[in-house]
Amino acid sequence: MADPPWTVEPDGVTLWLRLTPKGGRDAIDGVETLSDGKSVLKARVRAAPEDGRANAALIELIAKALSAPKKAVTIRSGETSRVKKLFVAGDPARYLDALAKLAPTNG
């Protein structure tokens, strides 16, 4: 089984995800395995990828899904790419239950 699309760090959680801008709705659609075998969360936002709007919508979506403040969510890499690495600062234990619900590992 593939690793989950996140890692726990002492001061938060790092997430990998693939963003679909102009996806019709703001949602997290489970987990996908990329061609290199890496697991990512699938996320879609209504916003277009212009002037950082899709990234801002993604930060809002992740913050809401994990009940984290928006300021705790930052994009670590992939600002202009579909595949992104995000960091959510805070107590990782608070986020793990929400992540498990977003990305059930039942195949």
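Reckoned from all heavy atoms, side chains included, excluding hydrogens, waters and symmetry mates.
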Would you check if the side chain of [X] reaches a backbone N or O of [Y] as a donor-acceptor pair within less than 3.5 Å?
| X | Y | result |
| --- | --- | --- |
| Tyr95 | Ser67 | no |
| Asn55 | Ile75 | no |
| Lys42 | Ile28 | no |
| Asp51 | Arg53 | no |
| Ser39 | Asp3 | yes |

Check whether any side-chain heavy atom of [X] sits under 4.5 Å from a side-chain heavy atom of [Y], and report yes or no.
| X | Y | result |
| --- | --- | --- |
| Leu17 | Leu58 | yes |
| Leu15 | Lys85 | no |
| Val40 | Lys84 | no |
| Lys22 | Arg46 | no |
| Leu41 | Arg18 | no |

**Study point:** Spacing of Leu34 atom CG and Arg82 atom CZ [to the nearest 0.5 Å]
**Key:**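 Here the rounded value is 12.0 Å.
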
Check your understanding: Rounded to the nearest 0.5 Å, how far does CD1 of Ile62 lie from CZ of Phe87?
Key ->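 Output value for this atom pair is 14.0 Å.
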
Review point. Going through the distances and angles, do Leu86 and Val73 end up as a side chain to side chain contact (heavy atoms under 4.5 Å, CB included)?
Key: CA-CA 7 Å; Leu86 272 66; Val73 182; 3.8 Å; yes

Practice item. Please determine if Arg44 and Asp29 form a salt bridge, counting it only when a charged side-chain N lies under 4.0 Å from a carboxylate O. Key: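 Salt bridge flag = yes for Asp29 with Arg44.
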
Point to revise | Shortest non-hydrogen contact from Pro10 toward Pro92 | key: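 Taking every non-hydrogen atom into account, O-CD, 4.2 Å.
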
Review point. What is the minimum heavy-atom distance between Pro49 and Ala54, and which atoms define it?
Key: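 Looking at all heavy atoms of both residues, the shortest contact is CA-CB, 3.9 Å.
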
Review point. Same hydrophobic cluster for Val83 and Val45, using side-chain heavy-atom links shorter than 4.5 Å among ILVMFWY?
Key: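 No; tracing contacts between hydrophobic side chains, which count when under 4.5 Å, never links both residues.
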
Check your understanding: Cation-pi between Lys38 and Trp16: NZ/CZ under 6.0 Å from ring centre and within 45° of the ring axis?
Key ->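 Cation-pi check for Lys38 and Trp16: passes.
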
Exercise for review: Please name the residue in the list Asp97, Val88, Leu61, Leu96 that meets the side chain to side chain contact (heavy atoms under 4.5 Å, CB included) test with Leu66.
Suggested key: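 When Asp97, Val88, Leu61, Leu96 are each tested with Leu66, the side chain to side chain contact (heavy atoms under 4.5 Å, CB included) holds only for Val88.
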
